[in-house]
Amino acid sequence: MSDEQNKYMRRAIALSARASLEDRSGGVFGAVVVKDGIIVGEGWNRVIAQNDPTWHAETSAIRAACSRLGTFDLSGATIYTSGEPCPMCLSAIYWAHIDKIYYAATIGDALEYGGFDDSFIYEQFTKPASERKIPQQELLRAEGVEVWKKYAALPDKTPY
């Protein structure tokens, strides 16, 4: 790792300490998004402070970067996160088109030292929808598809 990369990771780790030890706003997670050598977004876990299970460091950093850059496409960016991303954050990273992920602590570390266990989610993803813990059922498909058809016909829609 270069000195620059270490600097960004240390910032993510400092944000994780802020979340967990100082503010006590959430778990031991901090993240920064870097593009063209500049931190364009920072985030830390605020699940407890906001009563929001989706307020993870990575999603927060992605939102901040997108807002700052005025785009939903973070191609060319790198994310540095204090912990290996959970399934939700990993998905958000892919949706944002971030090019690379660096993480400090592993999923195993999060389980061992914090009791954070996402293994059940990974297991759910491997099952057919009919066998998952949370039931899923199609409802009013024809009505829902009508909106999709109208959207598909828009000549000026923004693809993402």
Side-chain angles (χ1 to χ4, degrees), residues 1-137 139 158 160:
M1 288 281 235
S2 71
D3 288 343
E4 276 296 288
Q5 291 168 316
N6 289 336
K7 176 181 82 170
Y8 302 136
M9 184 58 76
R10 286 191 177 105
R11 180 62 184 155
I13 293 169
L15 291 169
S16 78
R18 176 181 179 175
S20 60
L21 304 176
E22 297 165 25
D23 295 350
R24 308 289 300 268
S25 62
V28 189
F29 304 101
V32 297
V33 175
V34 176
K35 188 162 184 184
D36 299 325
I38 299 167
I39 294 176
V40 293
E42 294 188 338
W44 53 95
N45 190 290
R46 293 192 45 80
V47 168
I48 296 168
Q50 297 297 322
N51 292 314
D52 181 346
T54 68
W55 204 305
H56 290 197
E58 295 91 338
T59 56
S60 182
I62 289 168
R63 287 180 189 127
C66 289
S67 178
R68 178 174 178 179
L69 298 176
T71 182
F72 52 79
D73 186 343
L74 296 177
S75 295
T78 300
I79 192 165
Y80 294 80
T81 178
S82 65
E84 193 173 354
C86 74
M88 178 185 69
C89 291
L90 186 58
S91 296
I93 291 165
Y94 275 100
W95 278 114
H97 304 286
I98 290 175
D99 289 359
K100 185 147 187 159
I101 303 166
Y102 289 102
Y103 61 88
T106 65
I107 290 170
D109 295 328
L111 176 60
E112 181 177 353
Y113 300 110
F116 290 92
D117 185 5
D118 296 329
S119 63
F120 73 98
I121 299 172
Y122 291 108
E123 291 167 7
Q124 291 295 303
F125 288 157
T126 65
K127 296 180 180 184
S130 62
E131 295 176 20
R132 294 182 185 156
K133 182 179 178 180
I134 299 174
Q136 294 177 231
Q137 184 176 346
L139 183 64
T158 302
Y160 66 96

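Everything numeric here is computed off the predicted structure, so don't read it as measured data.
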Heavy atoms only: give me the nearest [X]-[Y] pair and the separation to one decimal.
X	Y	answer
Lys35	Ser75	NZ-O, 3.0 Å
Ala31	Ala61	O-CB, 3.7 Å
Ile107	Glu84	N-OE1, 3.0 Å
Gly27	Ala19	O-CB, 3.5 Å
Trp44	Trp55	O-CD1, 4.0 Å
His97	Tyr160	NE2-O, 4.2 Å

Any chance you could measure [X], atom [atom1], to [Y], atom [atom2], to the nearest 0.5 Å?
X	Y	atom1	atom2	result
Cys86	Tyr122	SG	OH	7.0 Å
Ile121	Arg132	CD1	CZ	12.0 Å
Thr59	Met88	OG1	CE	4.5 Å
Glu123	Lys133	CD	NZ	11.0 Å
Ser67	Arg63	OG	CZ	11.5 Å
Ser91	Phe125	OG	CZ	5.5 Å

Does atom [atom1] of [X] have more than 12 heavy-atom neighbours, drawn from other residues, nucleotides or ligands, at distances under 6.0 Å?
X	atom1	result
Asp117	CG	yes
Tyr102	OH	yes
Arg10	CZ	no

Which residues pass the salt bridge (Lys or Arg N to Asp or Glu O under 4.0 Å) test with Glu42, not counting sequence neighbours?
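Per chain and number, Glu42 pairs via salt bridge (Lys or Arg N to Asp or Glu O under 4.0 Å) with Arg11.
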Residue list, salt bridge (Lys or Arg N to Asp or Glu O under 4.0 Å) with Asp23, at least two apart or on another chain
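Expected list: Arg18.
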Less than 6.0 Å separating the ring centroids of Phe29 and Phe116?
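Aromatic pair counts; centres sit under 6.0 Å.
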Side chain of [X], backbone of [Y]: donor and acceptor closer than 3.5 Å?
X	Y	value
Tyr8	Gly37	yes
Glu131	Pro128	no
Ser25	Asn45	yes
Asp52	Val47	no

Are [X] and [Y] packed together at the side-chain level, in the sense that at least one heavy-atom pair is separated by less than 4.5 angstrom?
X	Y	answer
Val32	Leu15	yes
Met1	Asn6	yes
Tyr103	Ser82	no
Ile93	Pro85	yes

I need the single residue from Ile101, Thr81, Val33, Ile98 that forms a side chain to side chain contact (heavy atoms under 4.5 Å, CB included) with Glu58. Which is it?
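The single option meeting the side chain to side chain contact (heavy atoms under 4.5 Å, CB included) with Glu58 is Thr81.
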Ser16: partners by side chain to side chain donor-acceptor pair (under 3.5 Å), with sequence neighbours left out
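Testing Ser16 for side chain to side chain donor-acceptor pair (under 3.5 Å), a comparison that skips the adjacent residues, returns none.
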Go through Val40 and Val34 one step at a time and tell me if the side-chain contact (heavy atoms from CB on, under 4.5 Å) criterion holds.
CA-CA 6 Å; Val40 293; Val34 176; over 6 Å; no
Can a donor-acceptor pair be found between the side chains of Thr71 and Asp73 at a distance below 3.5 Å?
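Short answer, no.
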